[in-house]
Amino acid sequence: MMKRSLLLLLVATVALGGCTFYNRVIDKDLSLDEMDALKEKYTGRTGWTRSLLDDLGPEGVIDRDVEVTIVDIDFHWTGAVTVSGPGRVKIRHGLEIERPMTLEKFEEKMNRLFWFKEPDYRYRMNLRAYGKKTAKAIYNHELFKDMTKEAALESWGYPDETRQSEISGSVQEQWIYKDPRQKNKKRYIYILDGKVDRWEE
């Protein structure tokens with residue numbers, strides 16, 4: 001009888017501990033009010049793709065800097081966004097947000113995937129920030145040697161992977177861009193001390 005009571009007590013403790021842990025994780029996740037606010041903010045909004053959008057199904061890929069309309073956002077698992085692109089093709093792109101999904105993580109991911117200003121407006125803003133040469137390169141999605149890494153991000157978007165190393169006191173970064181349509185082909189930018197050193201397309 002004593003052993004059975006101890007066993008029941010142990011099971012109850014583990015169960016309650018698990019529930020407490022589960023509730024703590026859920027508490028940090030998006031609230032229903034935040035989900036509703038994000039849906040209201042983004043659904044129906046026009047954006048321009050900042051990187052490739054790869055469909056979770058068989059619908060293919062939408063290239064970067066293509067005008068799209070956000071049709072829906074999904075908060076299940078690691079999140080997803082559905083957009084309508086040229087020819088009314090619909091792409092459901094996985095957001096791959098690490099749980100717990102917070103408002104900050106969601107907003108950061110959306111801003112990595114989309115510009116919400118027209119290309120001409122962005123050109124004028126980049127003209128003020130970087131000057132004519134850099135603004136024109138960004139507008140055409142081009143790079144040049146000694147372009148700042150911030151401008152390179154505006155031009156090519158965020159990389160899929162980054163690697164960093166230190167060579168003779170200088171910090172070198174390798175930015176890797178993948179294209180799901182060409183599994184064996186990747187593009188690279190090499191950043192040396194905060195500036196573009198070279199790139200491979």
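In the model, E107 has a side-chain atom that pairs as donor or acceptor with a side-chain atom of Y42 under 3.5 Å. Using a 3.5 Å distance cut-off with no hydrogens or angles, the side chains of H141 and D65 do pair a donor with an acceptor.
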Next item on the list: Given side-chain contact (heavy atoms from CB on, under 4.5 Å), test K132 with L127 step by step and report yes or no.
Entry: CA-CA 5 Å; K132 188 173 182 179; L127 196 59; 3.9 Å; yes
Checklist line | From CA spacing to verdict: side-chain contact (heavy atoms from CB on, under 4.5 Å), V196, Y190 | finding: CA-CA 6 Å; V196 173; Y190 295 90; over 6 Å; no
Next item on the list: Evaluate side-chain contact (heavy atoms from CB on, under 4.5 Å) for D36 paired with E40, printing each intermediate quantity in order.
Entry: CA-CA 6 Å; D36 289 342; E40 188 176 331; over 6 Å; no
Next item on the list: Would you please test K185 and D179 for salt bridge (Lys or Arg N to Asp or Glu O under 4.0 Å) and show each step?
Entry: CA-CA 7 Å; K185 187 175 179 183; D179 187 335; over 6 Å; no
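Judged by a 6.0 Å distance limit and a 45° cone about the ring axis, K186 is not positioned over the six-membered ring of Y177. In this structure, R122 forms no cation-pi arrangement with Y139, as its terminal cationic atom is not both closer than 6.0 Å to the ring centre and no more than 45° off the ring axis. In this structure, R187 fails the cation-pi test against W199, since its NZ or CZ atom is not both closer than 6.0 Å to the six-membered ring centre and inside 45 degrees of the ring normal. Within the cation-pi definition used here (under 6.0 Å to the ring centroid, within 45° of the axis), R50 does not qualify as a partner of F114.
M35 and I73 end up in the same hydrophobic cluster when Ile, Leu, Val, Met, Phe, Trp and Tyr side chains are linked at under 4.5 Å. Both M147 and W175 are members of a single hydrophobic cluster when ILVMFWY side chains are connected at heavy-atom separations under 4.5 Å. If you chain together hydrophobic residues whose side chains sit under 4.5 Å apart, Y188 and L153 never meet in one group. With hydrophobic clusters built from ILVMFWY side chains whose heavy atoms lie under 4.5 angstrom apart, I189 shares a cluster with F144.
Using modelled atom types, no side-chain atom of K90 and backbone atom of G85 make a donor-acceptor pair closer than 3.5 Å. Distance alone, capped at 3.5 Å, places no donor-acceptor pair between the S51 side chain and the Y158 backbone.
Heavy-atom minimum distance, W48 versus E118: CH2-CG, 3.3 Å. In this structure, R92 and D74 approach most closely via the heavy-atom pair NH2-OD2, 2.5 Å. Shortest non-hydrogen contact noted between L95 and T78 is CB-O, 3.6 Å. The two residues G47 and F116 have their closest heavy-atom pair at CA-CD2, 4.1 Å. Closest heavy-atom contact between I138 and A151: CG1-O, 3.7 Å. When every heavy atom of D72 is checked against every heavy atom of T43, the shortest pair comes out as CA-OG1, 4.5 Å.
Counting heavy atoms from C-beta on, the side chains of I70 and S84 never come closer than 4.5 Å. A heavy-atom distance below 4.5 Å is found between the side chains of E67 and T46.
The number of heavy atoms from other shown groups lying within 6.0 Å of CD (E150) is above 12. For I167, the CD1 atom counts as densely surrounded, since its 6.0 Å shell holds more than 12 non-hydrogen atoms of other residues, nucleotides or ligands.
Note: F75 and F106 meet the aromatic proximity criterion, with ring centroids under 6.0 Å apart.
Interatomic distance, CD1 of I91 versus CD1 of I62, reported as 4.5 Å (0.5 Å rounding). Annotation: the span from L30 atom CG to K105 atom NZ amounts to 10.0 Å, rounded to 0.5 Å. The CE atom of M101 sits 10.5 Å away from atom NZ of K109, with the distance rounded to the nearest 0.5 Å.
Ion pairing of K178 with E161 is present here, as a side-chain N (NZ or NE/NH1/NH2) and a carboxylate O approach within less than 4.0 Å.
Residue R181 forms a salt bridge (Lys or Arg N to Asp or Glu O under 4.0 Å) with just one option from D63, D55, D54, and that option is D63.
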